[in-house]
Each structure stands twice: as structure tokens, then as C-alpha cells.
Amino acid sequence: MKKKGIFITFEGGEAVGKTTQIALLQNYLEKKLPNKVVFVHEPGGTTLGEKIRNLLLTDENVKMCGKAELLLFMASRVELYEKVIKKALKEGKIVIADRYYDSTVAYQGSARKIMDKEEILAINKFFLDGLTPDLTIYLKMPAEKAFLRKGNASLDKIELEGMDFHHAVSKGYDFMAKKEPERFFTIDASKSIEDIHNMIVNKVDELIKK
Ligand code: Z5A
């Protein structure tokens with residue numbers, strides 16, 4: 001896929017601050033470059049994707065095997081790519097994604113062990129025309145500390161997995177950060193919201209200037 005735009009993804013475990021930082025970045029970029037920024041989230045972002053999100057994360061009556069889970073996360077992503085991301089990048093927009101294929105490598109590969117991590121990467125690249133993010137902001141902190149931020153909020157089906165699962169998710173992200181260091185920008189997510197925002201803005205401005 002020939003793209004004119006910039007593709008930025010946010011990754012990390014639960015409650016590391018992705019939603020918070022994306023909202024701040026979106027606000028900053030919309031002022032700087034009006035009508036140029038498109039925000040997407042996974043799973044979801046399309047009519048089909050939102051239905052898949054409900055099946056995967058919320059609907060208590062739906063139990064599924066790990067292979068079906070992996071394929072549904074991918075189906076949601078492919079639909080989002082075909083219907084939203086591809087068009088926006090061709091039009092020269094900046095696409096900011098709350099999760100992309102590194103999540104599948106970390107959750108379904110490293111934690112669930114459904115498939116080898118490299119194989120998950122390869123099938124994702126196949127179905128997504130090889131679209132790799134220009135920048136991946138990886139917010140990293142121990143799962144035990146991050147979960148404290150959830151307070152009394154209700155947990156979805158994946159959040160309810162035990163700590164071993166969430167540690168394996170972190171290892172999956174570390175694997176990707178080591179494998180593709182040129183696009184990974186790893187940030188200590190236990191820093192203050194403002195410090196993290198400033199680091200992200202500096203990095204994104206650098207990328208836009210290029
Ligand atoms: N999943 C998967 O298994 N495979 C896949 O391929 C994909 C996803 C794509 C999607 O959940 C789930 O799907 C996810 C992975 C799995 N696992 N689960 N569950 P989601 O989209 O509903 O949620 P999430 O992506 O896991 O994000 P989150 O839990 O909503 O957290 P967050 O967006 O990273 O954090 P936040 O909402 O910005 O912050 C959490 C709280 O911390 C909040 O009260 C903030 O005010 C506070 N906060 C944020 N930053 C700070 C700092 N720096 N200091 C102190 N407090 C802070």
C-alpha cells in the first residue's frame with residue numbers, strides 16, 4: 001500500500017495510560033494540523049468491529065477458544081484497515097491507533113500461546129498489505145501497578161486473566177520492541193501524565209518534520 005500519511009500506534013498492557021495519552025495527543029495535533037488527524041481503536045472502529053468487540057470483551061454468554069479469539073481480533077483489524085486506515089493514509093492523514101498487531105503478538109501469541117509470535121506477525125502483515133506503523137509508542141509498567149489504577153472499575157474478559165498472563169503480555173511487547181527497535185518508542189508509564197505527554201509530543205513532532 002502506497003501511503004502519504006503517517007501511522008502512529010499506541011501499545012501496552014491494561015491501564016498504562018493509552019487512552020489518556022491519545023486524547024492529549026489528538027488535542028495537540030488537531031490544533032496544530034486541523035482536519036489531518038484520524039483516531040481509531042481496536043478492537044472496533046467499524047460496524048463489524050464494534051460487534052466483534054462486544055463478543056470478545058463484554059458478552060458473558062459467549063465463550064470461545066483461543067484460535068477463534070485470535071481470528072476475531074484480526075477480523076476486526078482487517079475491516080478497520082480496509083474501511084478506514086488505508087483511505088486515511090492515502091489521503092495524507094495522520095492515523096493514531098489505540099492498539100494494532102503488536103497487541104495480537106503480545107496477547108494471543110506471547111500470553112495465550114495460540115501461535116508462534118513470528119507467525120502471527122506474518123499473517124497480520126499478509127492481510128494488512130504489510131502496513132507497519134511509522135511509530136509505536138509503547139507505554140510500559142508492571143501490570144500489578146497498572147491494575148491499581150483501575151480502582152473499582154469493572155474488568156472485561158481479558159483483564160480478568162491472572163497476573164502470569166499479563167506478565168507474558170509484557171514479554172510479548174518486549175519481544176516486538178527488540179525485533180523492530182526503529183519504530184518502537186518505549187516510555188516508562190509510571191511517570192506523570194504531563195511528562196509522558198511531553199515526550200510523546202517531541203517524538204511525534206520529530207516524525208512530522210521528517
Ligand atoms: N486485545 C487482544 O487481546 N488482542 C488484540 O489483538 C487486541 C486487543 C487489539 C482491549 O481493551 C482489550 O483487547 C485489551 C487487549 C485485548 N485487553 N483487555 N482487557 P480496551 O480497548 O477496552 O482497553 P485497553 O486497551 O486495555 O485500555 P485500558 O484498560 O482502558 O487502559 P489505558 O487506555 O491504557 O489507560 P487509561 O484509561 O488512559 O488510564 C487508566 C487510568 O489510569 C485512568 O484512571 C487514568 O486517569 C489513569 N492514568 C493514566 N495515566 C496515568 C499516569 N501517568 N499516572 C497516573 N495515573 C494515570
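Every heavy atom of this structure was used, including side-chain atoms; hydrogens, water molecules and symmetry mates were not. Both ligands and their constituent atoms are indexed starting at 1 by order of listing.
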Quiz item: Nearest to atom 31 (O) of ligand 1 by heavy atom, Gly12, Ala146, Ala15, Gly13: which?
Solution: Ala15
Quiz item: Side chains of Arg183 and Thr9: do they bring a donor and an acceptor to under 3.5 Å?
Solution: no
Quiz prompt | Residue pairs, two or more places apart or on separate chains, that pass side-chain hydrogen bond (donor to acceptor under 3.5 Å, both in side chains) and touch residues 47-58 | solution = His41-Glu50
Exercise. For atom 4 (N) of ligand 1, grab the closest protein heavy atom and report residue, atom and distance to one decimal in Å.
Key: Gln108 OE1, 2.8 Å
Practice problem: May I ask you to check if Lys18 and Phe10 form a cation-pi contact, with NZ or CZ under 6.0 angstrom from the six-membered ring centre and within 45° of the axis? | Solution: no
Exercise. For atom 18 (N) of ligand 1, find the nearest protein heavy atom and state the residue, atom name and distance (0.1 Å precision).
Key: Glu14 OE2, 2.7 Å
Quiz prompt | Any donor-acceptor N/O pair, Lys36 side chain to Gly92 backbone, under 3.5 Å | solution = yes
Quiz prompt | Over 12 foreign heavy atoms within 6.0 Å of NZ, Lys3 | solution = yes
Exercise. Using atom types as modelled and distance alone, determine if a side-chain donor or acceptor of Ser76 lies under 3.5 Å from a backbone N or O of Gly44.
Key: yes
Quiz prompt | Closest approach of any protein heavy atom to atom 30 (O) of ligand 1, naming residue and atom | solution = Thr19 OG1, 4.0 Å
Practice problem: Classify the contact between Leu56 and ligand 1 as side chain, backbone, both or neither, using a heavy-atom distance cut-off of under 4.0 Å. | Solution: neither
Practice problem: Give the residue and atom name of whichever protein heavy atom lies nearest to atom 6 (O) of ligand 1, and the separation in Å to one decimal. | Solution: Thr104 OG1, 2.6 Å
Exercise. With heavy atoms under 4.0 Å as the rule, classify the contact between Glu69 and ligand 1 as side chain, backbone, both or neither.
Key: neither
Quiz item: Could any protein non-hydrogen atom be found less than 4.0 Å from atom 43 (C) of ligand 1?
Solution: no
Quiz item: Is the closest side-chain donor-acceptor distance between Tyr107 and Arg99 under 3.5 Å?
Solution: yes
Quiz item: So, is Pro43 polar-close to ligand 1, with some N/O to N/O distance under 3.5 Å?
Solution: no
Practice problem: Could you establish whether Arg77 and ligand 1 come within less than 4.0 Å of each other, counting only heavy atoms on the residue side? | Solution: yes
Quiz item: What is the nearest protein non-hydrogen atom to atom 8 (C) of ligand 1, stated with its residue, atom name and distance?
Solution: Phe73 CE2, 3.3 Å
Quiz item: Any N or O of Leu57 that comes nearer than 3.5 Å to an N or O of ligand 1?
Solution: no
Quiz item: Looking only at protein heavy atoms, which one is nearest to atom 29 (O) of ligand 1, and how far off is it?
Solution: Lys150 NZ, 3.0 Å
Quiz item: Which ligand 1 atoms does Glu42 reach within 4.0 Å, using its non-hydrogen atoms?
Solution: 9 (C), 21 (O)
Quiz prompt | Close approach of Arg112 to ligand 1, heavy atoms, under 4.0 angstrom | solution = no
Quiz prompt | Nearest neighbour in protein (non-hydrogen) for atom 20 (P) of ligand 1 | solution = Arg53 NH2, 3.4 Å
Quiz item: Between Ala189 and ligand 1, which part of the residue brings a heavy atom under 4.0 Å of the ligand: side chain, backbone, both or neither?
Solution: backbone
Quiz item: Got a sec, which pairs hit salt bridge (charged side-chain N to carboxylate O under 4.0 Å, His left out) with one end in residues 105-130, sequence neighbours left out?
Solution: Glu69-Arg112, Lys86-Asp129, Arg112-Glu161, Glu118-Lys179, Lys125-Glu180
Quiz prompt | atom 52 (C) of ligand 1 - nearest protein heavy atom and its distance | solution = Arg149 NH2, 3.3 Å
Quiz item: Angle class for the Tyr138/Tyr173 ring planes (parallel below 30°, perpendicular above 60°, tilted otherwise)?
Solution: tilted
Quiz prompt | Neighbour count above 12 (heavy atom, 6.0 Å) for Glu194 CD | solution = no
Practice problem: For Lys210 and Asp134, run salt bridge (charged side-chain N to carboxylate O under 4.0 Å, His left out): C-alpha distance rounded to whole Å, both residues' side-chain angles, the deciding distance at 0.1 Å, then the answer. | Solution: CA-CA 11 Å; Lys210 271 195 214 160; Asp134 297 295; over 6 Å; no
Quiz item: Is there at least one pair of N or O atoms, one from Gly17 and one from ligand 1, spaced under 3.5 Å apart?
Solution: yes
Quiz item: Are side-chain N/O atoms of Ser103 and Glu42 paired as donor and acceptor at under 3.5 Å?
Solution: no
Practice problem: Have a look at ligand 1 and work out which part of Lys145, if any, has a heavy atom under 4.0 Å from it: side chain, backbone, both or neither. | Solution: neither
Quiz prompt | Proximity to ligand 1 by part of Lys18, non-hydrogen separation under 4.0 Å | solution = both
Quiz item: Between Phe127 and Tyr81, is the ring centre distance below 6.0 Å?
Solution: no
